[in-house]
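Remarks on the structure that follows.
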Amino acid sequence: MLAQELNRLTLNSSLADLPSHDFQVSLTTLGEVVAQKFKQNPKLPGVMITTTNGQLMGMISKTLFLEWLSRPYGVEIFLRRPIESLCRMIAETQGVTGVGTGLDNCLVLSTTCSIDDAVELALKRSAALVYQPVVIEGPDGRHGLLDMQVLLLAQSKLFDLAKQAADAANKAKSEFLANMSHELRTPLNSILGFTQVMGRDSSLSTEQQQHLGIISRSGEHLLELINDILEMSKIEAGRITLNKTSFDLHRLLDNLKEMLQLKALSKGLQLIVDYTPDLPQYVQTDERK
């Protein structure tokens with residue numbers, strides 16, 4: 001039943017979407033009534049204690065209740081007396097005064113609180129209280145008890161949903177990049193084609209031929225970047241490959257210098273590429289990578 005309820009959660013779910021318990025008792029309720037309720041409903045994480053007019057005073061968790069029953073003469077003392085006796089002894093043990101004061105440690109959250117925020121607040125409690133049930137309050141003023149185990153399972157379910165959403169987004173992004181890359185290739189190939197045609201024009205000056213060369217090499221570099229985008233899609237799909245070729249490393253560095261030179265000059269910078277004497281001219285590896 002719990003698994004079915006958690007399967008209905010979405011990334012926008014709040015505490016209102018989690019199963020809670022609304023069992024309440026008053027200070028005059030006998031301990032044996034509470035014990036019987038725990039026996040009838042093993043999933044009940046605790047009981048809420050209210051005043052005669054229904055005002056919430058606090059709660060006692062099932063774990064704490066059973067712990068006090070297990071103490072010497074606990075069954076004789078606490079089952080046959082009102083729950084007020086147990087509350088008073090817990091308060092005295094914790095060094096506080098007043099029956100309700102010892103129950104002020106319970107965490108009360110709105111049903112609109114997100115599951116992640118609720119877990120964060122619950123785990124910030126002291127070690128003795130960190131796994132105590134959380135009291136949730138609805139807009140109508142009604143209260144319910146939420147088991148910490150249910151809250152943690154719900155957060156785990158949201159983690160799975162977030163991962164699924166992220167995987168779907170990555171897949172959509174990869175498909176988009178692949179489609180856009182193919183769309184960009186068409187006009188870029190036209191640009192490269194026209195630069196080759198213009199480069200054969202003997203009427204162009206040397207400076208114009210140099211500018212055409214920069215345009216052509218920049219276009220080729222842009223085409224390689226587009227191919228890299230496609231390669232990124234392959235990486236995400238786990239299909240990355242290493243394409244080894246022999247190429248001129250000096251030419252590659254010269255081309256990079258030409259493309260970056262104008263950018264550097266526009267910022268008032270001087271770009272210097274200095275090769276060491278032993279830099280090999282030809283290397284064999286994946287040139288694009």
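Quick caveat: nothing in here was measured; it's all calculated off a predicted structure. Heavy-atom basis, side chains included; hydrogens, waters and symmetry copies ignored.
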How long is the gap from [atom1] on [X] to [atom2] on [Y], to the nearest 0.5 Å?
X      : Y      : atom1 : atom2 : value
Ser156 : Ile115 : OG    : CD1   : 11.0 Å
Leu107 : Lys124 : CG    : NZ    : 11.0 Å
Ser85  : Ile77  : OG    : CD1   : 9.0 Å
Leu123 : Tyr131 : CG    : OH    : 6.5 Å
Ile49  : Ser26  : CD1   : OG    : 9.0 Å
Leu222 : Arg217 : CG    : CZ    : 15.0 Å

If only atom types and distance count, is the side chain of [X] paired as donor or acceptor with the main-chain N or O of [Y] below 3.5 Å?
X      : Y      : answer
Gln208 : Ser205 : yes
Gln209 : Asp201 : yes
Asp147 : Val150 : no
Gln132 : Cys106 : no
Asp17  : Ser14  : yes

Between [X] and [Y], is there a shared hydrophobic cluster once you connect ILVMFWY residues whose side-chain heavy atoms come closer than 4.5 Å?
X      : Y      : result
Leu18  : Leu161 : yes
Phe38  : Val33  : no
Leu30  : Met48  : no
Val273 : Leu262 : no
Val130 : Leu121 : yes

Side-chain heavy atoms of Val47 within contact of Met59, under 4.5 Å
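Counting from C-beta outward, Val47 and Met59 never come under 4.5 Å.
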Can you check whether Lys163 reaches Asp167 side chain to side chain, under 4.5 Å on heavy atoms?
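In contact.
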Under 6.0 Å from the [atom1] atom of [X], do we count more than 12 heavy atoms belonging to anything else shown?
X      : atom1 : answer
Phe247 : CZ    : yes
Gln149 : CD    : no
Arg142 : CZ    : no

Between Glu76 and Arg80, is the closest basic N to carboxylate O distance under 4.0 Å?
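The answer is no: the pair does not qualify as a salt bridge.
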Exactly one of Leu44, Ile83, Leu79 should register a side-chain contact (heavy atoms from CB on, under 4.5 Å) with Val34. Which one does?
Ile83
Considering non-hydrogen atoms only, spot the tightest contact between Leu145 and Pro45 and give its length.
CB-CG, 4.2 Å
For His21 and Lys43, work out which heavy atoms get closest and say how close.
NE2-O, 3.4 Å
